[in-house]
Amino acid sequence: MAVPPTKKLFATAAGFTAAVFVLRTMAARGAEPDDVHRWLVVTVQRGPGDLQPDKLPTPLQDYGDRIETRLSPAPGDRGTEIAVRFRQPPPAQSASVGARITGDDPRQGLRLALREAKSLLETGEIMRADAPSTTRSTPGGKLIGLMSRRADGEGVL
Amino acid sequence: MKALCWEGVNKLSVEQVPDPVLRNDQDVIVRLVAGTTCGSDLHLIGGYIPFMRAGDVIGHEFVGEVVEVGSAVRRHAVGDRVVVCSFVGCGRCWYCTNDLWSLCDNTNTNPGIGQALFGADTGGIFGYSHAMGGLRGSHAEYVRVPFADYGAFTVPDGVDDTSALFVSDSVPTGWMGADLGGVQPGDVVAVWGCGAVGQMAARAAILLGAERVISIDRIPERLEMTRRFVGSEVIDYTATDVGAELRERTGGRGPDVCIEAVGMEAHSDGPMHLYDQVKQQLRLQTDRPTAVRQAIHACRKGGTVFVLGVFAGAVDKFPLGAVINKGLTLRGAQVHGQRYIPMLLERVAAGELNTAHLATHSVSLDEAPTAYDMFKHKSDGCVRAVIRPGL
Ligand SMILES: NC(=O)c1ccc[n+]([C@@H]2O[C@H](COP(=O)([O-])OP(=O)(O)OC[C@H]3O[C@@H](n4cnc5c(N)ncnc54)[C@H](O)[C@@H]3O)[C@@H](O)[C@H]2O)c1
Ligand SMILES: [Zn+2]
Ligand SMILES: [Zn+2]
């Protein structure tokens with residue numbers, strides 16, 4: 001498919017702009033620094049009677065006493081809300097954009113564990129990405145690769 | 001194995017890639033019998049969905065044969081002929097259990113990207129960028145299908161591969177537009193776009209009892225095909241004023257339900273088109289919403305506009321005033337395929353729903369880049385090019 005070079009440039013630039021937008025949004029959700037002690041919460045499609053705070057799946061169990069866990073029924077039969085946070089709040093600088101891009105925000109791991117626990121409780125597995133990879137390394141691709149690696153620990157949850 | 005890969009903006013090529021393997025116990029591996037081009041792929045190919053990496057396998061509408069099953073798969077066995085839904089649903093989260101499958105909570109391996117873009121992640125879809133799950137696409141000899149008990153459906157004996165193929169994506173998408181758009185017996189329904197999705201939306205509206213269905217496009221072969229195979233009335237938007245034409249055909253009211261099946265690369269002859277194109281190219285807006293704007297203007301007071309066309313980000317000159325002042329319901333969705341596929345396969349088997357005419361071309365994997373070029377430019381009457389890795 002022959003494309004005029006300017007169009008290609010625009011489209012590539014577009015990909016880049018969008019990618020940077022997402023990285024920024026992922027890393028800085030608001031003007032205010034993120035509250036490192038805020039509860040991270042997911043809702044799982046399981047009755048409140050099915051779950052016990054000390055018997056949640058391994059990814060969360062592994063945190064042991066380092067986290068507080070709160071279970072509550074979701075309104076309108078929407079399952080059970082699982083809330084977690086570090087007992088000892090991580091230092092405020094761990095919420096900085098830099099720490100989050102380098103993967104040094106401990107809440108990223110906890111967020112991932114929470115999502116994995118939800119998936120295990122609902123489906124019995126954690127859906128894995130395809131492997132082996134079919135992609136080749138290009139500058140744009142590396143950026144997307146970085147975002148994908150961070151994406152499972154980031155988000156609005 | 002061979003696969004069709006995205007290599008960069010407007011650049012596809014057939015590559016040798018490693019065979020897929022089972023990654024979870026609820027996966028199956030499917031050997032492709034046929035896959036097809038979808039309008040959504042054009043948005044990817046053109047670089048409007050930015051989260052693609054060189055070497056990503058594309059394709060999400062397909063039919064094939066199960067060749068390997070994970071240990072926790074209950075409903076499928078090796079040898080099953082299956083049509084697979086384009087979106088992957090886990091079947092057990094709140095969204096899946098409420099039949100909102102494309103919103104599944106557990107099938108996007110990169111949830112943070114969607115959450116940053118949209119405020120929440122969507123479910124995963126085959127071959128549709130790292131923002132939409134990062135799964136490999138189906139234009140290959142084999143593809144891995146996660147949560148196969150929920151997303152793969154055995155094709156009934158009387159239904160041939162080509163007819164089943166479109167039940168993967170374009171047919172349920174069209175059906176969803178009419179169904180969730182709330183089409184009632186007696187309604188007048190207008191559909192923008194006579195691609196496979198628009199044609200199937202028009203057919204669904206007829207089967208749901210609409211009194212009149214009017215399809216809008218500019219490509220003569222597609223208009224003719226829609227009139228003949230779908231049975232709807234047609235309007236060539238380059239030959240007339242669509243708004244005036246619709247008012248005339250609806251007693252001055254406007255259509256009760258307007259379904260948009262065009263998407264972010266809409267075409268127009270009007271002065272707004274240049275404006276939209278420039279803004280889109282400069283990334284001041286990500287999408288060109290020409291048909292959505294027109295649908296909102298044309299819709300009757302209190303009516304519904306359902307957006308099936310794919311949009312990725314922000315649009316400009318969005319007529320919000322018309323939405324509020326005319327009391328419209330505006331809705332959109334990615335396809336909740338699992339909700340409709342079993343019923344649609346039955347309708348195809350019963351002869352109520354013809355899909356085979358959509359397959360205007362049949363090519364091998366090696367010819368897929370050329371087929372996409374033809375599909376993109378709508379040349380040679382191409383509506384859907386069927387890619388058969390076996391050829
Ligand atoms: N919601 C979903 O889950 C879902 C699923 C599949 C496809 N889609 C989307 O649906 C849209 C259509 O898909 P398709 O495969 O039929 O694509 P297609 O490219 O084959 O068809 C699009 C049609 O729209 C027509 N068109 C362009 N501008 C128009 C205008 N201003 N007014 C009326 N018609 C116009 C084109 O001539 C073409 O015939 C795409 O945006 C695609 O991404 C969405
Ligand atoms: Zn599609
Ligand atoms: Zn789900």
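Atom CZ of residue B/R53 and atom CG of residue A/L143 lie 9.5 Å apart, to the nearest 0.5 angstrom. In this structure, OG on A/S133 lies 8.0 Å from CZ on B/R136, to the nearest 0.5 angstrom.
Ranked by heavy-atom pairs shorter than 4.5 Å toward chain A, the options B/E7, B/M52, B/Q16 are led by B/E7. For the set B/D121, B/T107, B/D27, B/T370, the entry with the most heavy-atom pairs within less than 4.5 Å of chain A is B/T107. When the candidates B/C90, B/G134, B/C93, B/P146 are compared by the number of heavy-atom contacts under 4.5 Å with chain A, B/C93 comes out ahead.
For a residue to count as touching a neighbouring chain, one of its non-hydrogen atoms must lie under 4.5 Å from one of that chain's; by this rule B/D19 touches chain A with the backbone only. Heavy-atom distances place the backbone of A/I126, and not its side chain, under 4.5 Å from chain B.
The number of heavy-atom neighbours closer than 6.0 Å to CG of A/D54, taken from other residues, nucleotides and ligands shown, is above 12. Other residues, nucleotides and ligands place more than 12 heavy atoms under 6.0 Å from the OH atom of B/Y150. With a 6.0 Å radius and a threshold of 12 heavy atoms from other residues, nucleotides or ligands, B/K2 has its NZ atom at or below the threshold.
Between the side chain of A/D130 and the backbone N or O of B/L135 there is no donor-acceptor pair closer than 3.5 Å. Side-chain atoms of A/R128 come within 3.5 Å of backbone N or O of B/R23 as a donor-acceptor pair. A distance-only check finds no donor-acceptor pair linking the side chain of B/D56 to the backbone of A/T134 [under 3.5 Å].
In this structure the side chain of B/P111 reaches within 4.5 angstrom of the side chain of A/R115, judged on heavy atoms. At a threshold of 4.5 Å between non-hydrogen side-chain atoms, the residues A/T123 and B/F147 count as touching.
Judged by distance alone, the side chains of B/T97 and A/Q45 do bring a donor and an acceptor atom under 3.5 Å apart.
In summary, B/D105 and A/K118 engage in a salt bridge, as defined by a charged side-chain N under 4.0 Å from a carboxylate O.
What you find for B/N106 and A/M127 is that their closest heavy atoms are O-CB, 3.8 Å.
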